[in-house]
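These notes concern the structure reproduced below.
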Protein chains: 2
Amino acid sequence: MYNNITIKTLAKELNVSIATVSKALKDRHDIGVATKQRVVELAHKLNYIPNPYAGGLRKRKSKTIALVLPEVADSFFSLAINGIEATAQEKEYHVLIYLTHESFTKEQAILKDFQSGRVDGVLMSITSETSTHNHIQELYDSGMPIVFFDRVCESIDTAKITTDDFEGGYKATQHLIDCGCKKIALLSISTSLSISNKRMEGYKKALDDNHIKFSPSDIVQCSNDAEKSYNSIKKLLSHRSRPDGIIATVEKFTTNTYLACKELGLFIPGDVKVISFSNLPTAPILNPSLTTITQPAFEMGKAASTVLFKALNKSSFNLKQESIVIPSVLTVRGSTATQTK
Amino acid sequence: MYNNITIKTLAKELNVSIATVSKALKDRHDIGVATKQRVVELAHKLNYIPNPYAGGLRKRKSKTIALVLPEVADSFFSLAINGIEATAQEKEYHVLIYLTHESFTKEQAILKDFQSGRVDGVLMSITSETSTHNHIQELYDSGMPIVFFDRVCESIDTAKITTDDFEGGYKATQHLIDCGCKKIALLSISTSLSISNKRMEGYKKALDDNHIKFSPSDIVQCSNDAEKSYNSIKKLLSHRSRPDGIIATVEKFTTNTYLACKELGLFIPGDVKVISFSNLPTAPILNPSLTTITQPAFEMGKAASTVLFKALNKSSFNLKQESIVIPSVLTVRGSTATQTK
DNA sequence: CTGAAAGCGCTAACAA
DNA sequence: TTGTTAGCGCTTTCAG
């Protein structure tokens with residue numbers, strides 16, 4: 001469907017040139033007040049809505065940004081979208097959404113398309129598979145403003161909005177240790193994601209600070225596939241020297257961890273304590289309620305988009321120095337209680 | 001950012017006309033094989049990506065659709081987005097996402113913009129505030145294909161993808177009755193949403209079929225605001241003649257229901273049984289695990305977008321007869337168990 | 001098989 | 001103050 005009433009219609013109707021109409025609509029000072037009035041009135045009466053693409057073509061901008069996410073069925077991303085959409089609406093930008101479903105090739109294809117002028121900027125969280133960044137660098141080099149949030153790409157010198165992942169990993173680990181855990185496993189989603197690695201570094205540091213020996217086998221790489229990750233977790237917990245503490249670095253591992261424990265007859269927090277990086281609204285009503293490290297998702301989305309829009313409005317704005325690190329917060333609940341209730 | 005290498009660049013470089021380049025790129029049969037080869041090769045080498053808006057302007061279509069949702073922090077919508085995005089990617093369409101945050105005026109403003117030619121079609125779930133539909137009708141009348149899903153607008157004669165809401169309401173109620181509930185309250189989100197009303201009708205019918213008198217005070221209208229809805233629920237449960245069964249017609253009321261019970265020292269399912277319309281991945285690990293009516297969210301998103309794309313490809317495709325009703329499924333869990341475990 | 005030319009709807013110099 | 005004109009990048013008759 002395409003709008004049929006254009007600037008031309010108005011011009012004809014009013015016996016003025018299309019240039020006059022265009023300027024009048026933009027309320028430019030070099031147009032007579034009377035004419036302006038007439039134009040605006042007719043435009044309103046005829047319900048004229050300008051075609052954004054025509055103007056965009058001329059002005060060489062689309063007033064739309066791309067939002068590239070691994071998935072949307074994750075509380076963090078859901079909340080982040082809210083923050084992003086809110087500021088976009090405020091700034092009168094439109095947002096195209098793309099899901100990579102953690103597929104690197106999809107991410108490549110999506111980014112490639114952006115060289116077309118479809119969007120003025122991109123907001124993204126990379127795939128857990130993404131380990132090479134040429135496709136992103138290429139886009140960035142072509143002049144596209146890019147802002148990363150949460151799952152950032154370290155090697156690209158642009159704005160990154162993250163949480164204090166190292167500290168988060170540290171805090172989570174220290175908390176488990178404080179609760180008496182001796183053997184803590186970390187469920188990781190990727191070896192290439194900086195977010196994963198930083199959390200792991202925090203974990204290692206906490207272990208070290210507490211004179212607990214780090215064992216590589218305590219890091220378990222879980223798959224994006226729900227069933228596979230369930231099996232990995234179950235295997236981990238079936239082992240004779242199973243961990244007594246688990247850190248899920250990704251929200252989606254939570255349900256599987258709980259289910260695996262149930263299946264194996266392991267009690268949380270009695271047999272194994274669990275802490276999860278998550279924004280689950282149901283955290284307080286889980287069985288047992290879940291201790292979480294939560295990220296200010298909405299604010300992060302808001303911050304990321306705000307930075308991007310700033311860059312879009314000022315020419316030659318330096319994205320490189322706009323990175324922000326926002327603290328995450330530890331909320332202690334039942335899954336790490338020191339006594340079974 | 002805007003692409004600098006255009007069809008013109010290629011034409012100049014190869015000493016052919018832009019028309020030739022355009023046709024060659026589209027692999028049209030009236031272009032010499034040799035020329036085609038040359039064009040394609042150079043295009044590839046120079047990494048030429050056509051500007052979608054330029055072509056769109058000419059062809060009068062944007063190859064993009066709008067997705068208008070009340071919110072995204074709801075498992076149903078999250079999953080639906082996946083289904084939609086998947087088919088869009090497959091059909092090479094792009095999707096603009098808009099959130100109304102349950103605001104009617106926002107919905108109006110968003111739809112109005114669509115008259116501009118920005119999108120070729122729209123997929124939407126209406127606001128809980130939406131009770132008048134002129135803004136939608138107007139857009140539809142202007143020729144815009146619209147497909148509703150989940151929260152549909154009954155009065156507009158176009159495709160609607162829904163679940164069997166009446167049956168869902170009936171099933172939920174019957175289940176509670178079967179579990180021994182005598183007084184069942186229904187948490188509703190809106191009086192204008194057909195989805196809400198249908199579920200309520202199913203509820204009433206089940207009550208009636210079981211010779212239980214319906215009492216208007218058992219329908220509690222909850223607010224979109226979390227705190228307000230919490231208070232409504234608490235108030236409901238504090239009453240001397242409180243219900244012994246609760247049906248949450250919207251996922252987001254679940255946490256508040258659980259928390260209110262906890263606060264009041266009421267046990268689920270002992271004191272009050274709870275069933276929720278929801279797609280919560282954490283349903284099985286809640287305390288107690290939650291009995292749900294779940295909708296095939298991904299499939300619904302997929303179905304809705306498939307219908308829309310069909311309409312977009314065939315001219316004069318009759319959307320009116322493409323409505324689909326997909327069954328929801330009842331999954332019984334702990335929150336409606338007949339004996340406290 | 002190839003190219004010239006018109007045009008999608010709008011903006012922006014530059015004239016008048 | 002208003003209009004003319006030349007595009008933005010691409011598609012598409014219609015001639016050659």
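Below, all heavy atoms of this structure are taken into account, side chains as well, without hydrogens, waters or symmetry copies.
- Between the P atom of dC10(C) and the CZ atom of Arg58(A) lies a distance of 14 Å, rounded to the nearest Å.
- Taking only side-chain nitrogens and oxygens, Ser17(A) never comes nearer than 4.0 Å to OP1 or OP2 of dT4(D).
- Contact check for Pro50(A) versus Leu25(A): no side-chain heavy atoms found under the 4.5 Å cut-off.
- Taking side-chain N and O atoms only, Thr35(A) has a distance below 4.0 Å to OP1 or OP2 of dT2(D).
- One atom, CG of Asn15(B), and another, C1' of dG3(C), lie 13 Å apart when rounded to the nearest Å.
- Among dC10(D), dA12(C), dT13(D), the nucleotide with an atom closest to any side-chain atom of Tyr48(B) is dC10(D).
- The phosphate of dC8(D) has OP1 or OP2 within less than 4.0 Å of a side-chain N or O from Lys8(B).
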Between Thr100(A) and Glu129(A), does a side chain to side chain contact (heavy atoms under 4.5 Å, CB included) hold up when you go through it step by step? CA-CA 10 Å; Thr100(A) 56; Glu129(A) 275 187 0; over 6 Å; no
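- Asn134(A) and Glu138(A) share no side-chain donor-acceptor pair at under 3.5 Å.
- dC10(D) atom C1' lies 14 Å from atom CG of Asn51(A), rounded to whole Å.
- Listed candidates were dT2(D), dC8(D), dC8(C). Nearest to the side chain of Asp30(A) is dT2(D).
- With dG3(D), dT11(D), dT12(D) as the choices, the nucleotide that has an atom nearest any side-chain atom of Ala19(B) turns out to be dT12(D).
- A 4.5 Å side-chain heavy-atom check between Phe309(B) and Glu90(B) finds every atom pair outside the cut-off.
- Here the nucleotide nearest the side chain of Ala54(B), chosen from dC10(C), dT2(D), dC10(D), is dC10(D).
- Relative to the side chain of Val16(B), the nucleotides dC10(C), dG3(C), dT2(D) differ in distance, and dG3(C) lies closest.
- Listed nucleotides dC10(C), dT12(D), dA12(C) differ in distance to Pro50(A); the shortest reach to its side chain belongs to dC10(C).
- Side-chain atoms of Lys23(A) lie closest to dC14(C) of the nucleotides dC14(C), dC10(D), dT13(D).
- In the set dA6(C), dT13(D), dG7(D), the nucleotide with an atom closest to the side chain of Arg28(B) is dT13(D).
- One can place CD1 of Ile18(B) at 15 Å from P of dG7(C), the figure rounded to the nearest angstrom.
- As rounded to whole Å, 8 Å separates atom P of dT11(D) from atom CG of Leu25(B).
- If you measure from atom OH of Tyr53(A) to atom P of dT11(C), you get 15 Å, rounded to the nearest angstrom.
- Using a 4.0 Å heavy-atom distance criterion, Lys26(B) is classed as a sugar-phosphate-only contact.
- When the side-chain nitrogen and oxygen atoms of Thr20(B) are compared with OP1 and OP2 of dG3(C), one or more of them lie within a distance under 4.0 Å.
- Looking at Ser305(B) and Thr87(B), their side chains do bring a donor and an acceptor atom within 3.5 Å of each other.
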